[in-house]
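Side chains are part of it too, since the values below use all heavy atoms of this structure and drop only hydrogens, waters and symmetry mates. Counting begins at 1 with the first residue of the sequence.
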Amino acid sequence: MTEYERSRTMPAQPEHVFDQAANVDQLETWLPEALHVNTGDLPAVTVHEDRTDEDTSALLRAQRDQMRLEWGTRDQGSYAGWLQVAGIGSGASEVTVHLSFFDDNHDPGEKAVRDALDTSLQRLEEQVRLRVDNAAG
């Protein structure tokens, strides 16, 4: 099993960050660009990965009371992950994303995963800023 974790501080209330991250209609605005989620009958989803051109049955659960998203493959048990939002005071939040690959064939490698996580967190922050700016304006 291989695990990866990245964090990023965002200048927004944790509720705003979580609401943006958990908005199933806007997942593709912050997920890695090579992943596409079809949110059929939640918590069941289908994830299409451009790298392998495969569709994978997965689960996606949002736990608003814990400000946590959890996901993972349904049938093959290839990977799982979570996103946790925590308030750190002064209207800021820390977002942590954790991925676990149980199948080495599904792991695209450390550099690719870290780059994808960093880019996803950056894209999530951009979406949060847009949402907060639009609400304020």
Side-chain angles (χ1 to χ4, degrees):
M1 178 171 76
T2 306
E3 298 186 274
Y4 303 96
E5 189 170 291
R6 304 300 277 173
S7 296
R8 185 177 183 101
T9 300
M10 299 188 187
Q13 296 289 339
E15 295 82 7
H16 295 300
V17 176
F18 180 79
D19 287 347
Q20 184 64 45
N23 184 337
V24 295
D25 295 328
Q26 295 186 5
L27 290 173
E28 290 190 19
T29 64
W30 66 270
L31 285 176
E33 293 175 347
L35 294 179
H36 311 282
V37 179
N38 179 358
T39 56
D41 189 17
L42 290 173
V45 298
T46 301
V47 178
H48 179 82
E49 186 176 354
D50 291 345
R51 181 178 67 92
T52 60
D53 196 33
E54 292 180 3
D55 290 334
T56 303
S57 297
L59 296 172
L60 173 67
R61 289 191 177 92
Q63 299 172 340
R64 191 175 200 318
D65 60 328
Q66 297 177 21
M67 288 200 234
R68 184 178 180 93
L69 286 177
E70 295 179 342
W71 60 85
T73 52
R74 275 194 305 214
D75 304 324
Q76 32 322 44
S78 304
Y79 68 87
W82 51 261
L83 176 143
Q84 182 73 52
V85 181
I88 56 174
S90 301
S93 303
E94 181 176 57
V95 181
T96 302
V97 180
H98 182 96
L99 293 177
S100 300
F101 290 95
F102 307 109
D103 177 353
D104 288 339
N105 293 329
H106 204 78
D107 181 356
E110 182 175 357
K111 180 175 178 2
V113 173
R114 290 189 188 277
D115 288 349
L117 291 178
D118 286 340
T119 300
S120 292
L121 287 168
Q122 178 183 357
R123 292 176 68 201
L124 177 58
E125 182 178 1
E126 290 168 5
Q127 292 302 310
V128 169
R129 283 181 192 266
L130 287 172
R131 180 180 178 186
V132 170
D133 289 349
N134 286 340

ring-ring contact (aromatic ring centres under 6.0 Å, His included): pairs with one or both residues in residues 62-88, sequence neighbours excluded = Tyr79-His106, Trp82-His98
Intermediate values then yes/no, side chain to side chain contact (heavy atoms under 4.5 Å, CB included), Arg6 and Arg8 | CA-CA 7 Å; Arg6 304 300 277 173; Arg8 185 177 183 101; over 6 Å; no
For the student: nearest non-hydrogen atoms of Leu99 and Gly81, plus distance | CD2-CA, 4.1 Å
same_hphob_cluster(Leu35, Leu59) at 4.5 Å side-chain heavy-atom cutoff = no
Identify the heavy atoms of Thr9 and Ala92 that sit nearest to each other, and give their distance.
-> CG2-CB, 4.5 Å
Heavy atoms of Asn105 and Asp103 approach each other most closely as N-OD1, 2.8 Å
When hydrophobic residues are tied together by side-chain contacts of less than 4.5 Å, even through go-betweens, does Ile88 share a cluster with Leu121?
-> no
Tell me who clusters with Met1, hydrophobic residues only, linked when side chains sit under 4.5 Å apart either directly or through other members.
-> Phe102
Min side-chain heavy-atom separation Glu33-Arg123 under 4.5 Å | yes
Residues at least two apart in sequence or cross-chain that pass side-chain contact (heavy atoms from CB on, under 4.5 Å) with Asp19, listed by chain then number, are Arg64, Arg131
Any chance you could lay out the side chain to side chain contact (heavy atoms under 4.5 Å, CB included) test for Val113 and Thr2, step after step, and finish with the verdict?
-> CA-CA 11 Å; Val113 173; Thr2 306; over 6 Å; no
Looking only at heavy atoms, which two atoms of Val17 and Ala12 are closest? And how far apart?
-> CG2-CB, 3.9 Å
Which residues share a side-chain contact (heavy atoms from CB on, under 4.5 Å) with Ala116, sequence neighbours left out = Pro32
Residues Ala58 and Val47: closest non-hydrogen pair is CB-CG2, 4.0 Å
Ignoring hydrogens and geometry, is there a side-chain-to-backbone donor-acceptor pair from Ser57 to Arg74 under 3.5 Å?
-> no
The reported gap from CD in Gln20 to OG1 in Thr29 (rounded to nearest 0.5 angstrom) is 5.5 Å
Other residues, nucleotides, ligands: >12 heavy atoms within 6.0 Å of Asp65 CG = yes
What pairs with Asp50 under side-chain contact (heavy atoms from CB on, under 4.5 Å), at least two apart in sequence or on another chain?
-> Ala34, His36, His48
Answer whether the closest heavy-atom distance between the side chains of Glu54 and Glu49 falls below 4.5 Å.
-> no
I would like to know whether Leu60 and Leu27 meet side chain to side chain contact (heavy atoms under 4.5 Å, CB included); could you show each step before the answer?
-> CA-CA 11 Å; Leu60 173 67; Leu27 290 173; 3.7 Å; yes
Taking only residues two or more places apart in sequence or in another chain, which ones pass side-chain hydrogen bond (donor to acceptor under 3.5 Å, both in side chains) with Arg68?
-> Glu70, Gln84
Shortest non-hydrogen separation from Tyr4 to Gly109 and the atoms involved = OH-C, 3.6 Å
Can Val128 and Trp30 be said to form a side chain to side chain contact (heavy atoms under 4.5 Å, CB included), step by step?
-> CA-CA 10 Å; Val128 169; Trp30 66 270; over 6 Å; no
Glu15 versus Ser93: any side-chain heavy-atom pair under 4.5 Å?
-> no
Rounded to the nearest 0.5 Å, what separation is found between the CZ atom of Phe18 and the CD atom of Gln66?
-> 9.5 Å
Kindly indicate whether the side chain of Leu124, heavy atoms from C-beta on, has any atom under 4.5 Å from the side chain of Met10.
-> yes
